[in-house]
Participant: 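Handing you a structure now.
Note that the numbering runs from 1 along the sequence shown for the chain.
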Amino acid sequence: MMRWTILFGILGLSWHVKCEEGLKYDNHSLVRLIPKTEQQLTAVHQLPDAGEMEVLKRSRMVNDSFDILVPEMKKVYMEDFAKEHGMDFHVKEDNYGRSFAPVQRSGRRRSNQRLNIFGYNSFDTINAFLEQTAAAHPGLAQVQPLKRSSQGRQLKLMKISTNPGANNPIIFVDAGIHAREWAAPAMAVYLIHRLTSDPAAREEELNGVDWYILPNVNPDGYEFTRYSRGNRLWRKTRSRSSARSDCFGVDGNRNYGFKWGVSGVSRDPCNQETYAGPEPFSEPETRMVRDVMMENAKRLKLYVSLHSYGNYLVYPWGYTGASLPDDWRKLDTLAHKVSKAIVGAGGSPLKVLSAGHWYPAAGGSDDYAYGVVGVPYSYTMELTDGYEFQLPAKMLPKLLPQFYEGFKEFARNIRSEFGTVRSRDAE
Ligand SMILES: *[C@@H]1O[C@H](CO)[C@@H](O)[C@H](O)[C@H]1NC(C)=O
Ligand SMILES: *[C@@H]1O[C@H](CO)[C@@H](O)[C@H](O)[C@H]1NC(C)=O
Ligand SMILES: [Zn+2]
C-alpha cells in the first residue's frame with residue numbers, strides 16, 4: 001500500500017512539475033568563471049545563487065572554479081560581468097539539459113534490480129543490498145532501521161563491526177543529503193562493500209574501529225533526480241512547504257540546529273538551492289542523522305558527510321570564515337594525510353580548508369557534529385571534479401578505490417588516537 005501511495009505521489013508530482021522541471025535546463029549554458037584574485041572571488045560570490053541562474057559550485061579559494069547555469073537570455077549579462085571583473089568567460093557546455101544521461105530514468109520502481117557496485121543504484125536496490133550484506137555477514141554487518149523520509153521511504157543504517165561489544169570508536173559516514181550528488185551514495189555503497197567483503201579490512205580498517213554508514217540520507221530527492229520527468233539537478237529534500245504549497249523541499253545541509261540560518265542560506269521556500277527550512281531540523285531526514293549522532297555521541301570520533309563535487313575536504317567552521325575551531329590544526333593535519341593517501345593511490349589531491357573560509361553557510365551537518373555533538377573530527381568531503389554532478393559511471397571503478405585509500409587513512413588515525421585496548425572478554 002505504501003509503495004503505491006509513493007508511486008502515485010511521485011507520478012502526480014511529476015505531472016505537476018513537468019513543464020517547469022523536465023526540460024528546464026535545455027537552453028542553459030554551463031558557464032565557468034575562475035577568480036584569480038581575492039577581489040574576483042568576492043565578486044563571484046555576490047552573484048545571485050538561484051532563480052534564473054543556478055550556481056552549481058562556488059569557488060572556495062582563488063583559482064577555484066565558480067560554475068553557474070545560465071539561460072540563453074542571461075549569457076550576455078554573464079559575459080559582461082566577467083569582462084567587468086577581468087575574468088575569463090568560459091562556456092563549458094551549451095544546452096546543458098540535453099547532456100543528462102538517460103540512465104535508468106524510469107518512473108517504474110523495480111526493487112529487485114541487482115546492485116552494481118560501480119553504478120548509480122536506485123534507493124530500493126541500495127536498501128536491498130544492505131539487507132543482503134547483513135544476511136551474508138551476520139557477525140560483522142547489521143542493519144538498523146531508522147525512520148521514514150517525507151515521502152515514506154525507510155532509511156537504514158549499516159553498522160559494521162568485528163566486535164560490537166568492545167566500545168570501539170565509531171566512524172560515521174553519511175551520503176546523499178544533496179540529491180543530485182550521485183557520486184556520494186556510490187562511494188558509501190562501495191565503502192560498505194569493501195569493509196564487508198575484503199578480508200584485509202577486518203585486520204585494518206575494522207580493527208578496533210566500528211563503521212556506521214548511512215548511504216542515502218535524502219532518498220526522495222535522489223529518486224526525483226533519477227526520474228525522467230523529475231529534475232536531474234534537484235538538490236533539496238522533497239517535503240511540502242506549508243508556506244508555499246507550490247514549492248518543495250529544504251536544503252538538508254542548511255537545516256541542522258547549530259548557528260542555524262546565520263549565513264549562506266535562503267529564507268525563500270521556492271529557492272532551489274539553499275532554503276534552510278522553516279526551523280532547524282524541520283526535515284525527518286536531518287532529524288534521523290542527528291539522532292544517530294546523539295545516540296552514539298560518546299563513541300563517535302569521526303564524521304564524514306559525502307558530497308560532490310570539487311575535490312574538497314573541508315572542516316568546521318562552515319557557518320563563518322571569520323574564526324576557526326581551537327584545534328583546527330588537528331582537523332587540517334588529518335585532512336592532509338587523507339588527501340596524501342588518495343594521491344598515493346593515483347587520485348587527485350583534495351583541497352583542504354575550513355568550509356566557511358570563502359563560502360560561509362550555516363546549518364551544515366559537519367558544524368553540528370563538531371559544535372553540538374562533540375565529534376572531534378568532522379568533515380565534508382566533495383568527491384571528484386570536472387564532471388559536475390554527472391560523473392560518468394564508467395569512472396567509478398577507478399575513483400572509488402582511490403577515495404577508499406583516504407578512508408583507510410582516516411581509520412588508521414582514529415584507531416591510533418582513540419582505539420580501545422582489546423578487553424579480555426573480547427578475546
Ligand atoms: C530552447 O530553444 C529553442 C530554440 O530557441 C526553442 O525552440 C525551445 O522551445 C527552447 N526550449 C525550452 C525548454 O525553452
Ligand atoms: C592562480 O593562477 C594564476 C595563473 O593562472 C597564477 O599566476 C596565480 O599565482 C594563482 N594564484 C594562486 C593563489 O594560486
Ligand atoms: Zn552537497
Side-chain angles (χ1 to χ4, degrees), residues 35 38 41-42 45 57-64 169-174 177 209 253-254 256-265 289-290 293-294 296-344 347-383 385 403 405-419:
E38 298 205 346
L41 195 46
T42 306
H45 280 293
K57 183 173 91 66
R58 292 182 166 272
S59 310
R60 288 184 185 269
M61 53 177 74
V62 166
N63 286 348
D64 186 31
I170 295 169
I171 293 175
F172 176 35
V173 180
D174 73 21
I177 185 63
V209 179
N253 212 33
R254 301 289 184 278
Y256 283 73
F258 176 76
K259 305 278 181 189
W260 179 78
V262 305
S263 60
V265 303
V289 175
R290 174 197 64 190
M293 288 183 185
M294 283 305 188
N296 301 287
K298 265 192 154 153
R299 288 164 59 202
L300 196 49
K301 300 303 173 192
L302 167 66
Y303 168 66
V304 182
S305 190
L306 293 172
H307 291 245
S308 80
Y309 61 93
N311 264 330
Y312 306 99
L313 186 53
V314 296
Y315 50 82
W317 301 116
Y319 77 93
T320 181
S323 70
L324 289 166
D326 289 341
D327 59 353
W328 70 272
R329 277 176 209 282
K330 287 178 68 176
L331 292 157
D332 194 80
T333 301
L334 178 54
H336 281 289
K337 282 187 184 178
V338 167
S339 174
K340 213 174 146 193
I342 293 168
V343 171
S348 305
L350 302 175
K351 287 159 268 186
V352 174
L353 73 165
S354 81
H357 188 73
W358 271 104
Y359 167 27
S365 60
D366 49 0
D367 274 9
Y368 185 81
Y370 184 84
V372 176
V373 186
V375 181
Y377 292 97
S378 176
Y379 298 95
T380 292
M381 189 186 257
E382 301 270 7
L383 303 165
D385 202 5
F403 285 116
E405 293 303 312
F407 280 90
K408 280 163 83 169
E409 184 66 23
F410 269 135
R412 271 193 286 278
N413 284 267
I414 294 305
R415 177 174 52 250
S416 72
E417 188 169 346
F418 303 102

Participant: Under 3.5 Å, is there a donor-acceptor pair between the side chain of Asp385 and the main chain of Tyr309?
Facilitator: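 Between the backbone of Tyr309 and the side chain of Asp385 there is no qualifying donor-acceptor contact (under 3.5 Å).
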
Participant: Give a yes or no on whether Lys340 atom NZ has more than 12 heavy-atom contacts from other residues, nucleotides or ligands under 6.0 Å away.
Facilitator: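 No, not enclosed.
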
Participant: Applying side chain to side chain contact (heavy atoms under 4.5 Å, CB included) to Phe403 and Leu350, what does each step give before you reach the verdict?
Facilitator: CA-CA 10 Å; Phe403 285 116; Leu350 302 175; 4.0 Å; yes

Participant: Quick one: side-chain hydrogen bond (donor to acceptor under 3.5 Å, both in side chains) partners of Ser263, sequence neighbours excluded?
Facilitator: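 Partners of Ser263 under the side-chain hydrogen bond (donor to acceptor under 3.5 Å, both in side chains) test: none.
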
Participant: When you look at Lys351 and Met61, which way does the side chain to side chain contact (heavy atoms under 4.5 Å, CB included) test go after all the steps?
Facilitator: CA-CA 9 Å; Lys351 287 159 268 186; Met61 53 177 74; 3.7 Å; yes

Participant: Arg412: what forms a side-chain hydrogen bond (donor to acceptor under 3.5 Å, both in side chains) with it, not counting sequence neighbours?
Facilitator: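 Residues passing side-chain hydrogen bond (donor to acceptor under 3.5 Å, both in side chains) with Arg412: Glu409.
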
Participant: Between CZ of Phe172 and OG of Ser305, what distance do you get to the nearest 0.5 Å?
Facilitator: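 Output value for this atom pair is 8.5 Å.
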
Participant: Give a yes or no answer on whether the side chain of Lys301 reaches the backbone of Val209 with a donor-acceptor pair at less than 3.5 Å.
Facilitator: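 Checking the backbone N and O of Val209 against the side chain of Lys301, no donor-acceptor pair under 3.5 Å is found.
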
Participant: Taking all non-hydrogen atoms of both residues, which atom of Tyr368 and which atom of Met293 are closest, and how far apart?
Facilitator: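 Reported closest heavy-atom pair: CD2-SD, 4.0 Å.
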
Participant: Between Lys57 and Glu382, is the closest basic N to carboxylate O distance under 4.0 Å?
Facilitator: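 Salt bridge between Glu382 and Lys57, a charged N being under 4.0 Å from a carboxylate O: no.
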
Participant: Mind listing the closest non-hydrogen atom pair of Ser59 and Leu41 along with its distance?
Facilitator: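 Closest pair (atom of Ser59, atom of Leu41, distance): CB-CD1, 3.3 Å.
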
Participant: For the residue pair Val352 and Tyr315, establish whether any side-chain heavy-atom pair is separated by less than 4.5 Å.
Facilitator: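 They are in contact (side-chain heavy atoms under 4.5 Å apart), so the answer is yes.
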
Participant: Any sub-3.5 Å donor-acceptor pair from Arg254's side-chain atoms to Gly264's backbone N or O?
Facilitator: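 Yes, the answer is positive, given that a donor and an acceptor are paired below the 3.5 Å cut-off.
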
Participant: Quick one about Asp366 and Thr380 (side-chain donor to acceptor, distance below 3.5 Å, no hydrogens or angles considered), yes or no?
Facilitator: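 Yes, a side-chain donor-acceptor pair sits under 3.5 Å.
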
Participant: If only atom types and distance count, is the side chain of Arg60 paired as donor or acceptor with the main-chain N or O of Ala355 below 3.5 Å?
Facilitator: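 Yes, because the side chain of Arg60 sits within donor-acceptor range (under 3.5 Å) of the backbone of Ala355.
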
Participant: Can you spot which of Val314, Leu324, Leu331 makes a side-chain contact (heavy atoms from CB on, under 4.5 Å) with Ser354?
Facilitator: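 Option passing the side-chain contact (heavy atoms from CB on, under 4.5 Å) with Ser354: Leu324.
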
Participant: Could you measure the distance from the CG atom of Leu383 to the OH atom of Tyr312? Nearest 0.5 Å is fine.
Facilitator: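 Answer rounded to 0.5 Å: 13.0 Å.
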
Participant: Ring centres of Phe258 and Trp317 under 6.0 Å apart?
Facilitator: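 Under 6.0 Å, so yes.
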
Participant: Checking Arg299 now: which residues fulfil side-chain hydrogen bond (donor to acceptor under 3.5 Å, both in side chains) with it, not counting sequence neighbours?
Facilitator: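 Scan of Arg299 (side-chain hydrogen bond (donor to acceptor under 3.5 Å, both in side chains), adjacent residues dropped) gives Asp210.
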
Participant: Tell me, do Val304 and Phe407 make a side-chain contact under 4.5 Å, heavy atoms counted?
Facilitator: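 Yes, their side chains come closer than 4.5 Å.
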
Participant: Can you tell if the side chain of Pro349 reaches within under 4.5 Å of the side chain of Ile342, non-hydrogen atoms only?
Facilitator: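 The answer is no; the side chains never approach within 4.5 Å.
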
Participant: Decide yes or no on side chain to side chain contact (heavy atoms under 4.5 Å, CB included) for Val373 and Arg290, but give the supporting numbers first.
Facilitator: CA-CA 9 Å; Val373 186; Arg290 174 197 64 190; over 6 Å; no

Participant: With rounding to the nearest 0.5 angstrom, report the CG to CG distance, Asp327 to Asp332.
Facilitator: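 Rounded to the nearest 0.5 Å, the CG-CG separation comes to 11.0 Å.
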
Participant: Assess whether side chain to side chain contact (heavy atoms under 4.5 Å, CB included) is satisfied between Val265 and Trp260, documenting all intermediate values.
Facilitator: CA-CA 9 Å; Val265 303; Trp260 179 78; over 6 Å; no

Participant: Checking Tyr377 against Asn413: is there a side-chain donor and acceptor pair closer than 3.5 Å?
Facilitator: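 There is no such pair (donor and acceptor under 3.5 Å, judged by atom type) between the side chains of Asn413 and Tyr377.
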
Participant: Check this for me: does any side-chain nitrogen of one of Lys259 and Asp367 sit under 4.0 Å from a carboxylate oxygen of the other?
Facilitator: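 No, this pair does not count.
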
Participant: For the residue pair Arg58 / His45, report whether a side-chain donor-acceptor contact shorter than 3.5 Å exists.
Facilitator: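 Yes, because at least one side-chain N or O of His45 sits under 3.5 Å from a partner of the opposite role on Arg58.
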
Participant: Give a yes or no on whether the backbone of Glu38 and the side-chain of Thr42 come within a donor-acceptor separation of less than 3.5 Å.
Facilitator: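 The answer is yes, because a donor-acceptor pair under 3.5 Å joins these two groups.
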
Participant: Judged by modelled atom types alone, do Tyr303 and Asp174 share a side-chain donor-acceptor pair under 3.5 Å?
Facilitator: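 Distance-only check passes for Tyr303 and Asp174.
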
Participant: Do Phe410 and Tyr379 have their ring centres less than 6.0 Å from each other?
Facilitator: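 That pair passes the under 6.0 Å test.
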
Participant: With a 4.5 Å cut-off on side-chain heavy atoms, are Leu302 and Phe418 touching?
Facilitator: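 Phe418 vs Leu302: side chains apart.
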
Participant: Minimum heavy-atom separation for Ser378 to Pro316, with atom names?
Facilitator: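 Minimum heavy-atom contact is O-CD, 3.2 Å.
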
